[in-house]
Amino acid sequence: MAYPRMRSGATIPQEKRMKFIFVTGGVLSGLGKGIASASIALLLKSCGLRVTSIKIDPYLNCDAGTMSPYQHGEVFVLDDGSEVDMDLGNYERFLGASLSGAHNLTTGTIYRKVIERERRGDYLGATVQIIPHITDQIKADIKAVAQANAADVVVVELGGTVGDIESMPFLEAVRQMRRELGASNCLFVHATLVPVVSVVGEPKTKPTQHSVKELRAIGIQPDLIVARSQQTLSEETRRKISLFCDVDLGAVLSAPDARTIYEVPLILESQGVTDWIAQRLQLGALSPQLQGWRSFVQQVLEPSDHLEIAIVGKYTSLADSYVSYEEALSHAGAALGAGVSIRWVEAETFEEQAINGVDGVIVPVGFGPRGSEGKIQAIRCAREKKVPYLGICYGFQLAVIEFARHVLGLKGANSTEFEPNPAHPVIDLLPEQRDVKQLGGSMRLGSHPVAVASGTRAHQLYQQAVIHERHRHRFEVNPDYVERLESAGLHFTGRSQDGRRMEIAEYGDHPFFMAAQFHPEFLSRPNQPRPLFTGLIGACLKLQSER
Ligand code: GLN
């Protein structure tokens with residue numbers, strides 16, 4: 001296979017041709033290392049290269065599925081049903097790709113494989129150690145993803161901060177990869193913080209110097225530094241970093257606070273990052289094609305209309321819990337010329353006034369009884385006051401409970417997730433979930449087809465008879481109640497192909513009342529918004545123009 005845009009036209013052996021970009025983080029976490037990595041991946045992809053991404057999480061969990069969004073932000077779900085770190089969501093959104101669980105390595109997945117192999121007897125005779133057995137497994141898993149994707153470039157983001165005990169084996173493994181594959185095939189990017197101490201007002205480079213020192217102690221010299229700061233760094237500050245960290249001046253990039261994450265690739269590109277990487281990795285002349293991306297960013301930054309959507313949730317104090325909703329709303333808004341601001345509404349203390357004046361209401365993902373009654377109240381308000389409503393997964397199940405209680409008059413309608421024996425179990429455990437003992441990775445997960453009935457609002461929005469959306473649930477609409485719910489006006493217009501599972505509900509006597517058992521937010525991308533979100537935004541805009 002010819003190497004795209006490779007100027008020299010030289011034939012290079014397969015493994016040598018693959019380029020690896022390793023992104024580490026210094027100083028502190030939450031700097032936007034994931035966005036910087038995704039931005040670099042996007043820029044290279046926009047040059048016509050095959051680019052893929054890997055996220056390494058040094059925690060012991062085998063996946064993010066069992067972790068609370070309080071601690072770790074949203075759990076992102078992939079087509080193959082893997083429950084992964086939310087950074088994979090950014091990679092999918094920036095690359096417009098669908099990744100698999102293999103793209104998220106954790107200490108847990110690596111150790112599990114090594115221990116399984118040890119038990120099988122694969123290492124017979126050897127003392128199994130971090131170096132070389134764990135590091136070999138890490139390298140093998142990274143290379144396997146590169147091969148499986150026939151990638152020209154693999155961007156590997158190492159979670160955590162350099163210096164953490166947990167990330168040591170991963171840093172050691174990528175250090176070895178540079179030795180094995182050669183410097184022209186591996187590039188180290190270090191993301192750091194350049195704080196401004198307000199008294200002096202001067203950007204401080206010392207934390208960056210220290211974290212580079214830490215990295216060097218492990219044997220890694222960064223090639224490129226992405227320096228996060230409130231404002232654009234002056235040349236003087238960049239020179240200082242270049243000198244003390246021994247990095248080309250042209251490779252000290254300033255990453256000031258952006259107005260939207262989607263602007264970051266453009267900010268990095270304006271400093272010539274693609275050219276610099278192309279030279280360093282001998283990729284030949286590259287020219288990123290960013291027209292579509294630029295116009296999307298323009299739409300996000302300069303909308304002609306404004307909407308406010310309430311998200312009634314439980315983790316609202318930690319916005320990271322609902323990142324994909326924010327992104328899906330911004331993609332749908334941009335497509336329809338609307339800027340969307342979010343009003344975070346705490347479900348547990350919900351009162352009607354909390355959603356006064358909003359254009360639309362979303363009840364998102366959720367687990368357990370806490371906050372469910374507040375959310376049901378919010379749905380009732382939206383339904384009765386004819387405020388556009390989109391319910392997702394938990395928000396779908398609660399919409400069914402609300403409807404059963406207040407329209408059908410089924411007192412005590414509830415989910416068996418909240419009460420073991422409600423008078424009317426309108427939401428009940430999936431039959432195949434009854435014998436599940438192990439909680440990790442055992443929900444109904446990933447992409448499943450949904451048949452959409454023609455002549456419905458769902459069909460109008462999707463324009464397809466069969467759609468594919470991602471799932472993550474243990475409970476579902478109890479089939480015994482479907483007929484009664486439908487006769488009272490709540491129509492199940494999307495179902496599993498065997499007709500047994502309810503997937504989309506819509507209520508006709510309303511400007512927009514739709515809910516889905518699946519999670520459309522996971523498939524929304526810039527310039528490819530998801531129909532249920534554009535439906536919601538479209539309905540809100542229509543009502544606004546009629547006011
Ligand atoms: N708790 C519900 C279930 O397990 C909803 C899950 C969700 O919102 N992802 O079915």
Side-chain angles (χ1 to χ4, degrees), residues 63-70 72-79 81-84 86 89 311-316 320-325 328 347-348 361-376 378-379 389-402 404 413-420 422 425-448 450 469-479 481 492 494-496 500-505 514-524 530 532-533:
D63 60 47
T66 50
M67 289 160 86
S68 156
Y70 266 135
H72 203 69
E74 163 189 279
V75 176
F76 196 80
V77 181
L78 302 175
D79 278 341
S82 302
E83 299 166 279
V84 295
M86 56 183 255
I311 295 189
V312 187
K314 189 162 71 165
Y315 310 107
T316 47
D320 264 4
S321 318
Y322 301 112
V323 170
S324 292
Y325 293 88
E348 270 194 286
V361 174
I362 290 182
V363 173
V365 49
F367 291 87
R370 198 163 62 80
S372 61
E373 290 302 323
K375 292 180 186 179
I376 290 174
I379 298 168
Y389 173 72
L390 177 60
I392 292 172
C393 202
Y394 194 81
F396 162 84
Q397 297 172 359
L398 295 184
V400 171
I401 297 173
E402 191 279 320
N414 213 347
S415 166
T416 53
E417 182 178 7
F418 314 147
E419 266 188 74
V426 290
I427 303 295
D428 201 4
L429 205 56
L430 293 159
E432 65 270 31
Q433 287 283 329
R434 297 197 196 281
D435 298 320
V436 168
K437 297 273 176 311
Q438 183 175 305
L439 292 186
S442 62
M443 285 187 238
R444 178 172 183 249
L445 289 165
S447 181
H448 293 281
V450 174
E469 291 274 12
R470 295 179 182 174
H471 294 71
R472 183 174 188 245
H473 64 121
R474 272 186 223 287
F475 294 82
E476 64 173 350
V477 176
N478 183 342
Y481 287 90
F492 293 100
R495 300 183 183 207
S496 59
R500 215 199 67 83
R501 277 187 230 287
M502 302 306 120
E503 292 271 13
I504 302 177
M514 295 204 71
Q517 179 58 73
F518 51 76
H519 292 270
E521 69 278 17
F522 293 139
L523 285 180
S524 175
R530 221 51 200 149
L532 289 182
F533 285 95

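Both ligands and their constituent atoms are indexed starting at 1 by order of listing. Position 1 is the first residue of the sequence, and the numbers go up from there.
Inter-residue side-chain proximity for Tyr481 and Ile427 is flagged as unmet; no heavy-atom pair is nearer than 4.5 Å.
Residues that satisfy the salt bridge (charged side-chain N to carboxylate O under 4.0 Å, His left out) test with Glu373, not counting sequence neighbours, are Arg405.
Using a 4.0 Å cut-off between a side-chain N of Lys or Arg and a carboxylate O of Asp or Glu, Glu503 and Arg444 qualify as a salt bridge.
Ring pair Tyr394/Phe367: centre-to-centre distance not below 6.0 Å.
Residues lining ligand 1 at a heavy-atom distance below 4.0 Å are given as Val365, Gly366, Phe367, Cys393, Tyr394, Gln397, Glu417, Arg472, His473, Arg474, Phe475, His519, ordered by chain and residue number.
Pairing each heavy atom of Arg500 with each of Ser496, the nearest pair is N-OG, 3.4 Å.
Shown are Lys375, Gln517, Glu476, Glu402; of these, the side chain to side chain donor-acceptor pair (under 3.5 Å) with Gln397 is made only by Gln517.
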